[in-house]
Amino acid sequence: MKIDECKLLDLPKISDNRGNLTFIESNRHIPFDIRRVYYLYDIPGGSERGGHAHKVLRQLIIAVSGSFDILLDDGENKKTITLNRSYMGLYVCPMIWRELLNFSSGAVCMVLASDCYDEQDYYRNYSDFLNDAKRGL
Ligand code: TYD
């Protein structure tokens, strides 16, 4: 199942009495080269983000602060994952519809992406995504 390729990754964490430090290296801790980083913050209560899938983009999603839920859907199977640890990242492979919801107050969602922004890589319409997912694209 495609959805099983989406995995929670335990990132390195270095702790001392000054606090914690987590680092991420391309192709070592995550299975792609990082070409873009973006983050969501100041998210009003009740907001939902995502609501799209990517054709080839691969991503790692991290709750660097606070928590939120991610609903994953490969067109056949769905699962919901809660992110609430700064040292855990959710790897999301291509052709996965995702919705981000239930953001806690002050949540920050950081996304590492395998490529630069390209609107042509998006499915913004669920039925278009479903058609292609069912054809095994
Ligand atoms: P959107 O895809 O709606 O964000 P989310 O995934 O959180 O739901 O993106 C909001 C706007 O930001 C949209 O006009 C596209 C733009 N955008 C960029 O210009 N570059 C980027 O890297 C990203 C992720 C979005």
Side-chain angles (χ1 to χ4, degrees):
M1 290 191 297
K2 193 113 198 158
I3 209 163
D4 290 335
E5 290 178 42
C6 300
K7 289 195 191 310
L8 266 178
L9 304 180
D10 203 351
L11 301 166
K13 177 179 163 193
I14 300 188
S15 301
D16 62 32
N17 56 14
R18 302 167 300 165
N20 299 327
L21 181 155
T22 285
F23 57 96
I24 303 163
E25 295 178 6
S26 291
N27 290 309
R28 182 165 174 220
H29 305 111
I30 59 173
F32 58 85
D33 270 330
I34 300 162
R35 298 202 59 201
R36 175 168 53 115
V37 177
Y38 66 92
Y39 40 98
L40 309 172
Y41 53 99
D42 292 344
I43 302 160
S47 277
E48 297 189 1
R49 307 250 0 177
H52 60 252
H54 288 284
K55 295 173 186 169
V56 300
L57 191 76
R58 294 181 286 166
Q59 295 183 317
L60 188 84
I61 304 178
I62 304 170
V64 288
S65 187
S67 66
F68 51 88
D69 294 334
I70 308 181
L71 173 76
L72 301 174
D73 175 355
D74 66 6
E76 272 183 40
N77 300 283
K78 297 182 191 204
K79 67 180 173 189
T80 301
I81 290 174
T82 300
L83 286 181
N84 57 9
R85 297 280 180 261
S86 313
Y87 56 84
M88 298 297 294
L90 177 65
Y91 170 68
V92 182
C93 67
M95 293 303 290
I96 300 286
W97 188 267
R98 86 290 309 273
E99 292 172 14
L100 282 69
L101 61 166
N102 297 329
F103 288 92
S104 69
S105 154
V108 178
C109 169
M110 184 171 75
V111 182
L112 312 183
S114 62
D115 215 336
C116 298
Y117 174 72
D118 176 8
E119 189 60 34
Q120 299 304 312
D121 187 62
Y122 280 76
Y123 292 94
R124 299 268 187 196
N125 178 292
Y126 185 70
S127 45
D128 292 346
F129 161 72
L130 209 51
N131 281 339
D132 283 357
K134 286 192 186 306
R135 288 165 51 220
L137 292 181

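Since the structure is predicted, the reported quantities are computational estimates derived from the model, not experimental observations. Just follow the structure's listing: the first ligand is 1, and inside any ligand the first atom is 1.
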For Tyr117, what are the other residues in its hydrophobic cluster, where any two members join if their side-chain heavy atoms are less than 4.5 angstrom apart?
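Cluster partners of Tyr117: Tyr122.
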
Distance-only polar pair, side chains of Gln59 and Tyr38, donor-acceptor under 3.5 Å
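Present: a donor and an acceptor within the cut-off.
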
Can you see whether Asp132 engages Tyr123 through a side-chain donor-acceptor pair at a distance of less than 3.5 angstrom?
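On atom types as modelled, these side chains qualify, holding a pair under 3.5 Å.
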
Ring-plane angle category for His52 and His54, please: parallel below 30°, perpendicular beyond 60°, tilted otherwise.
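Taking His54 first and then His52, their aromatic rings stand perpendicular (interplane angle over 60°).
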
With a 4.0 Å heavy-atom cut-off, what residues sit around ligand 1?
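These residues qualify: Arg36, Tyr38, Leu40, Arg49, Gly50, His52, Tyr117, Tyr122, Arg124.
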
Before accepting this row, confirm whether a basic side-chain N of the pair Glu76/Lys2 lies closer than 4.0 Å to the acidic partner's carboxylate O.
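Not counted as a salt bridge, because no side-chain N and carboxylate O are separated by less than 4.0 Å.
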
My understanding is that only one of Ile3, Leu60, Leu72 makes a side chain to side chain contact (heavy atoms under 4.5 Å, CB included) with Val92; could you say which?
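That would be Leu72.
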
